Amino acid sequence: YLSLSFLSDYRLNMESGDNSSTAELMSRYVSLELGYGVPKDGWRICLAHEFKEKRKPFQAKDVSLSNIVEHIGLGVRYLKWWYKKTQIEKKAPFIDMFRAIPLRQIYGAPLGGIGGGTITRGWRGEFCRWQLNPGMYHYKTVIANQFTVCLRRGGQTVYQQVLSVERPPTLQGWNWGYCGEYAFYHALYPRAWTVYPLPGQNVTLTCRQVSPVIPHDYQDSSLPVAVFVWDIENKNDYPLDVSIMLTMVNGSGHKDDKSGGHWNEPFHLEKAGESVSGVLLHHCTTVNPYTLCMAAREQVDVINSQYTAFSPKGTCGVLWGDLIADGRLDSPTGSSPPTQKGEVVAAALAVGCPVPAQGHNDLEFSLAWDMPNITFGSREREHVRRYTRFFGTKADAAPSLSHHALTHYRLWERSIEEWQRPILQDSSLPPWYKSALFNELYFVVDGGTVWTELPEDSDVSGGLRSEDGGLPAQPAIIKEYGRFAYLEGQEYRMYNTYDVHFYASFALIMLWPKLALSLQYDIAGSVVSCDPTERLHLMSGRNSPVKVKNVVPHDIGDPDDEPWQRVNAYLIHDTADWKDLNLKFVLQVYRDFHLTQDTQYLQDMWPICQAVMESEMKFDTDGDGLIENSGYADQTYDGWTATGPSAYCGGLWLASVCVMCKMARLVNNEAAFQRFRDILDRGSAAFDKLLWNGQYYNYDSSGQDLSNSVMSDQCAGQWFLRASGLGDGQFQAFPKEKICSALKSVFDLNVMSFAGGQMGAVNGMRPEGVPDHSSVQSDEVWIGVVYGLAAIMIHEGMLEEGLRTAEGCYRTVWERLGMAFQTPEAYCEKGIYRSLAYMRPLSIWAMQLALDTSQPRDQAPKTTTTPTDQAPQTTTTIQTETEGEPGQKESQDQGHIP
C-alpha cells in the first residue's frame with residue numbers, strides 16, 4: 001500500500017528531525033546570534049525572507065464553465081444585492097465577492113487579549129492590521145509606528161537606527177533600511193520574539209512581545225494591552241547607554257485619522273509603589289472613540305522621556321535629532337491642541353538604561369487601547385466590553401491598563417509557560433505541530449472578536465423561559481462571564497457561524513470553557529426565537545423567513561448591523577433547511593458536558609436539543625431512521641450539492657441520535673432513550689446499506705456519476721463521538737472496522753494521491769485518484785477540516801497518518817504560501833486560496849484533545865479543564881456519566897475533569 005511506504009519514510013524524517021522547510025524560511029539569516037530567551041519551538045523567519053509562491057484570491061474567473069452556468073442566477077441576484085448594499089446603503093457586504101483581500105505575506109502575532117480589539121504587527125515589525133471597531137478590519141501599515149534604537153558611548157551617540165527593513169518615501173530624516181539578513185522573527189503565540197544583531201556594534205537586541213492570552217483566565221485575558229520587553233546584550237568590553245524609542249500615530253491609518261479633534265497628553269500614574277509614565281493619544285471620533293497609550297515603568301537607572309506631539313509628515317528630522325543628541329526626548333510641556341481637519345498627530349516615548357560591558361539589561365514598554373463602549377454598524381445599541389468590569393466604562397482606563405500590564409506581565413508569562421510546557425517538552429510531538437497548535441490560536445483574539453458584558457435588560461431566552469422548557473432570561477454563566485462572539489473569517493463577516501464553529505469550538509471548550517458555554521446559551525436562546533421577516537435568498541431566488549423557530553441559526557449577525565439582535569446575516573441559502581446545523585448543536589452540547597461535567601448546562605440544554613432534533617426529523621422523508629439531503633448544497637459545504645442520504649450529514653445525524661440516547665439516560669428520560677435507540681438502530685442499518693461500498697462511505701446515495709467520491713470529512717460524526725468519550729459499546733453509531741477502512745481510504749486517496757501527499761487532504765477525491773472537480777469546493781483543501789480529520793485518525797489509533805495529514809496543511813500555509821496568522825478557509829492544489837484569516841482551523845485543538853485522551857491511562861493529561869472552570873454542581877436528576885453503565889469511561893479518567 002502507498003501509505004505503508006510513506007509511513008516508514010515519515011518515521012525516518014521524524015527521527016532525523018527533518019526541518020527542511022523551516023530552514024528555507026531562515027536561509028538568508030547571516031548572523032549566528034540566537035537572541036535572549038527565544039524558545040526552540042515556534043514559527044521562525046528571517047526578516048529578509050521572500051516567499052517564492054504568490055497566490056491569488058478565488059475569483060469568478062476561477063469558476064468552471066459548468067459551475068458558472070449552474071449558478072448564473074445566484075450571480076445576477078448577488079450583483080443586484082451587492083450594488084444596493086455598497087452603493088445605496090453604504091454598507092460593507094458580509095461577503096464581498098468582488099473585493100477579496102489580496103494576499104500580503106507580512107503578518108505576525110496580533111497584540112492584545114480577547115475581545116477588546118486587536119492590532120497586528122507584521123513579522124518585520126510593522127503595525128499593519130487593525131480591528132478596533134468591533135469586527136471591522138482595515139489593512140493599513142502605519143509607517144511612522146516604529147521602534148528605534150540609540151547607542152551611546154562616553155556621552156556620544158555612536159549608532160541610531162529605525163528597526164525596520166523599510167525605506168519609505170516619507171520621514172526621510174530617519175535612518176531606515178535595517179538589513180533584514182541580520183534579524184529574525186519567532187512566534188509562539190501569544191508571545192513573539194524579534195532578534196536584531198546590530199551590524200558592527202557587537203550588540204544584540206531581543207524584543208519579546210507578550211499578550212495576556214491565558215487559558216482559564218477570564219479577567220486579564222480580556223485586556224486590550226500588550227507588553228514589549230527589550231533585552232539588550234552588550235558584548236563589548238565597554239559599557240553603553242541604550243535607548244529604545246517607540247513612535248505611534250494617533251489613529252490606525254484610517255481616513256478618520258484626519259477628521260480633526262484628536263489630541264495627545266503626557267501622563268504619570270503611581271499605584272501600589274509602582275509608577276508608570278507615557279503618552280495618551282486620544283482618538284476622538286464620533287463613533288467608538290478610543291485612547292491609545294504608550295507607557296513604560298519608572299525604575300532606578302531607567303530614564304523615560306516623551307515627545308507628546310509631532311507631525312508624522314516631512315522628514316521629522318527634529319524628533320530624530322532630539323534623540324540623537326542625548327538619547328532622550330525633550331517635549332514641550334502640557335497637552336497638544338486638538339488636530340485640525342486633514343491633520344495627523346503622532347507621539348514618541350523613549351526609554352533608556354545603561355548596559356555594562358559584557359552584560360545585559362532590559363527595557364519595558366506597554367501599548368494599550370481603551371475603547372470601553374462600542375456600537376456595531378447599526379448604531380442602535382451600546383455595548384460595554386468585558387474588561388470594563390475590572391477597569392470601568394469612563395474611557396479613562398488607559399493609564400491603569402498600562403500600569404497593570406507592566407506590573408503583571410511576568411505573571412502572565414509564567415502562566416503561559418506552565419500551560420505550554422508539557423506540550424513543548426513532549427519529544428513524541430513534531431516541532432511543526434507545536435508551532436501550529438499555539439500559533440493558530442491567534443484567531444481566538446484576532447477573529448474580529450468581541451467579549452461584552454450582558455446588559456441588565458437583556459433576555460437571551462428567546463422568549464421561552466425555563467419553566468416552559470426554555471432558558472433563564474439571564475443565564476448565570478453569561479452574567480458572570482459575558483457574551484462572546486468571533487467571526488467566521490475576516491473576509492466572511494458573520495459572528496459565531498455555527499456550522500464552522502463546530503470545528504473551531506475545540507479551542508474554546510478546552511481553553512476557555514466558560515466562553516464556549518456562554519456562546520451555546522446564546523445559540524440556544526436564538527433556537528427558540530423566530531423572525532418571520534421575509535427576504536430573498538440569493539441561491540434559490542425565493543423569499544423565506546429570516547429565522548424559523550426551533551432551528552439553529554447559521555450565525556448571530558453581522559458586526560456592520562446589530563449582532564445578537566438580528567441573526568442570520570448569511571442569505572445565500574435559507575439555512576432553516578440545512579441538515580447539519582441542528583445536529584452540530586446537539587453534538588456540541590454533549591461534548592461540552594463531557595468535558596466540563598456542568599450538570600446545570602446539560603439540564604438547560606436538554607429541552608433545546610429535543611426541540612432541534614424534532615425539527616430535524618422532517619428530513620427523514622422515508623422513515624428509515626436516516627435523514628436525506630435535498631439535492632442542493634444544504635450544509636457547511638455550501639457549494640457542493642448532496643442528494644439523498646450522505647456520508648457527511650448522515651454521519652452527523654447518527655452521531656447526534658447516539659448522543660441523544662446518552663443524554664436521555666443522564667436525565668432519566670427512558671421514553672426518549674427508547675425512541676432514539678430505535679432510530680439509531682434503523683438509521684445505522686440504512687446508512688450502511690445505502691452508503692457503504694466495502695472500503696468507505698460514498699459521498700451520497702444519489703447514484704449519480706460522482707456519488708461515490710471519497711469525502712475527506714465522511715467520519716465527522718465519529719470524530720465528535722470519540723471527542724465525547726463515546727463511539728464504543730452501547731453508544732456506538734459506526735462499526736470501528738468500517739471507520740478505520742474509510743480513514744485509510746481517505747489517507748491513501750485524498751492525502752497521499754493529492755499533491756504528492758504534501759498539502760493535506762482534498763475535500764473530494766475520485767476512487768481512481770483524481771480530485772472531484774464537480775463543484776467549487778470539492779477540489780479544495782479546507783485546513784480546519786483536515787485538522788479535524790487528523791483528530792479522528794488519532795482517536796482511531798492512526799497517529800502517524802493523522803500527523804502527516806495535518807502537517808501538509810501547516811507546511812503549505814505557514815512555510816510555502818506566507819499565510820502566517822491569516823490561515824485561510826481553503827486552497828487549491830495550484831494558484832488560488834479562499835477566505836483569509838478563517839475560524840475553522842482552530843480545530844487543530846481537536847488533535848490535542850485526541851492526543852490527550854488517547855495516551856496511556858497512567859499518564860497525566862497535557863491539556864485539562866481546571867477546577868476553577870467547573871460550574872458549581874447543582875441538585876438535579878442528572879446522573880454522572882457512568883451511573884448504571886459499567887462499560888463507559890468516566891470523564892475524569894479521560895483526563896479532563898480533575
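Since we're looking at a predicted model, the values are computed, not measured.
- With hydrogens and angles ignored, the 3.5 Å screen pairs a side-chain donor or acceptor of Asp620 with a backbone N or O of Asp624.
- At distances below 3.5 Å, at least one donor-acceptor pair connects side-chain atoms of Trp845 with backbone N or O atoms of Leu437.
- Side-chain N or O atoms of Ser615 include none that pairs as donor or acceptor with a backbone N or O of Val551 at under 3.5 Å.
- By the 4.5 Å heavy-atom criterion applied to side chains, Ser775 and Thr641 are not counted as neighbours.
- Shown here are the ring-ring contact (aromatic ring centres under 6.0 Å, His included) partners of Phe98, two or more places apart in sequence or in another chain: Tyr78, Trp82.
- Taking every heavy atom of both residues into account, Leu103 and Tyr833 meet most closely at N-OH, 3.1 Å.
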#### Entry: Worked check of side-chain hydrogen bond (donor to acceptor under 3.5 Å, both in side chains) between Arg99 and Thr86
CA-CA 11 Å; Arg99 295 185 292 206; Thr86 59; 4.9 Å; no

### Stepwise side-chain hydrogen bond (donor to acceptor under 3.5 Å, both in side chains) test for Tyr433 and Gln848
CA-CA 10 Å; Tyr433 172 76; Gln848 188 58 37; 2.6 Å; yes

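- If you take CE on Met798 and OG on Ser854, they are separated by 13.0 Å, rounding to the nearest 0.5 Å.
- Side-chain atoms of Phe673 and Cys661, non-hydrogen and from C-beta on, do get closer than 4.5 Å to each other.
- A donor-acceptor contact under 3.5 angstrom links the side chains of Glu440 and Trp814, judged on distance only.
- Side-chain N/O atoms of Thr636 and Arg840 include a donor and acceptor closer than 3.5 Å.
- Checked by atom type, the side-chain pair Asp574/Ser544 shows a donor-acceptor distance below 3.5 Å.
- Using a distance-only test at 3.5 Å, with no hydrogens or angles considered, no donor-acceptor pair links the side chain of Asp772 to the main chain of Ser709.
- Under the 3.5 Å distance criterion, the side-chain polar atoms of Asn543 are matched with a main-chain donor or acceptor of Leu536.
- Not counting sequence neighbours, the partners of Val751 by the side-chain contact (heavy atoms from CB on, under 4.5 Å) test are Phe747, Ala761, Thr805.
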### Task
Might you work through the side-chain contact (heavy atoms from CB on, under 4.5 Å) test for Asp580 and Phe502, ending with a clear yes or no?
CA-CA 10 Å; Asp580 59 340; Phe502 174 75; over 6 Å; no

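- By the side-chain hydrogen bond (donor to acceptor under 3.5 Å, both in side chains) test, Thr621 pairs with Glu628, sequence neighbours left out.
- Take Glu53 and apply the side-chain contact (heavy atoms from CB on, under 4.5 Å) test, not counting sequence neighbours, and it matches Arg55, Arg816, Leu817.
- There is a side-chain donor-acceptor pair under 3.5 Å between Thr497 and Glu488.
- Within the model, atoms CG of Leu652 and NZ of Lys579 stand 13.0 Å from one another, a figure rounded to the nearest 0.5 Å.
- Looking at Asp555, its side chain does come within 3.5 Å of a backbone N or O of Gly557 through a donor-acceptor pair.
- A donor-acceptor distance shorter than 3.5 angstrom exists from the side chain of Gln714 to the backbone of Met711, with no hydrogens or angles considered.
- Counting only residues at least two apart or on different chains, the ring pair (Phe, Tyr, Trp, His ring centres under 6.0 Å) pairs with a member in residues 528-557 are His554-Tyr570, His554-Trp578.
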### Task
Tell me, with the steps shown, if Asp713 and Tyr503 meet side-chain hydrogen bond (donor to acceptor under 3.5 Å, both in side chains).
CA-CA 11 Å; Asp713 213 2; Tyr503 297 81; 2.4 Å; yes

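- When the side-chain contact (heavy atoms from CB on, under 4.5 Å) test is applied to Val546, the partners found at least two apart in sequence or on another chain are Asp531, Thr533, Arg535, Asn568.
- Note: Phe619 and Trp653 fail the aromatic proximity criterion, with ring centroids not under 6.0 Å apart.
- The shortest side-chain heavy-atom distance between Pro57 and Ile101 does not fall under the 4.5 Å cut-off.
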Tabulate below the donor-acceptor pairs under 3.5 Å that side-chain atoms of residues 733-743 make, not counting sequence neighbours, or state none.
| from | atom 1 | to | atom 2 | distance (Å) |
| --- | --- | --- | --- | --- |
| Lys736 | NZ | Glu796 | OE1 | 2.7 |
| Lys738 | NZ | Asp688 | OD2 | 3.1 |
| Ser741 | OG | Gln695 | O | 2.7 |

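- Asp728 and Arg722 are joined by a salt bridge, as a carboxylate oxygen and a charged side-chain nitrogen come within less than 4.0 angstrom of each other.
- Using a 4.5 Å heavy-atom cutoff, the side chains of Leu583 and Ile627 are in contact.
- Qualifying side-chain contact (heavy atoms from CB on, under 4.5 Å) partners for Lys830, counting only residues two or more places apart in sequence or in other chains: none.
- Listed by chain and residue number, Trp719, Phe720 satisfy the ring-ring contact (aromatic ring centres under 6.0 Å, His included) test with Phe506 (two or more places apart in sequence, or in another chain).
- Within a 6.0 Å sphere centred on CG of Asp705, other residues, nucleotides and ligands contribute 12 heavy atoms or fewer.
- Summarising the geometry, atom OG belonging to Ser646 is positioned 7.0 Å from atom CG belonging to Leu691; distances are rounded to the nearest 0.5 Å.
- Pairing each heavy atom of Gly651 with each of Phe687, the nearest pair is N-CE1, 3.5 Å.
- Distance check: Ser505 OG to Leu587 CG gives 10.0 Å after rounding to the nearest 0.5 Å.
- Judged by distance alone, the side chain of Gln777 and the main-chain N or O of Asp638 form a donor-acceptor pair under 3.5 Å.
- Nearest approach of Pro771 to Asp779, heavy atoms of both residues: CB-CB, 4.3 Å.
- In this structure, the side chain of Glu825 does not engage the main chain of Arg834 through any donor-acceptor pair within 3.5 Å.
- The shortest heavy-atom contact between Ala723 and Arg591 is O-CG, 4.1 Å.
- Here the CD1-CG distance, from Ile509 to Leu849, works out to 10.0 Å after rounding to the nearest 0.5 Å.
- Side-chain N or O atoms of Arg77 include one that pairs as donor or acceptor with a backbone N or O of Met539 at under 3.5 Å.
- In terms of heavy-atom proximity, Ala576 sits nearest to Val548 at CB-CG2, 3.8 Å.
- Listed by first then second residue, pairs satisfying ring pair (Phe, Tyr, Trp, His ring centres under 6.0 Å) with a partner in residues 781-801 read Tyr637-Trp782, not counting sequence neighbours.
- The structure places NZ of Lys744 at 8.5 Å from CG of Leu749, a figure rounded to the nearest 0.5 Å.
- Counting heavy atoms of neighbouring residues, nucleotides and ligands inside a 6.0 Å radius, atom NZ of Lys54 exceeds 12 of them.
- Tyr498 meets the ring-ring contact (aromatic ring centres under 6.0 Å, His included) test with His501; sequence neighbours excluded.
- Taking Trp606 as the reference, nothing meets the ring-ring contact (aromatic ring centres under 6.0 Å, His included) condition, with sequence neighbours excluded.
- Between Val781 and Met759, the closest heavy-atom pair is CG1-O, 3.7 Å.
- Residues Tyr492 and Val500 fail the side-chain proximity criterion, which asks for heavy atoms closer than 4.5 Å.
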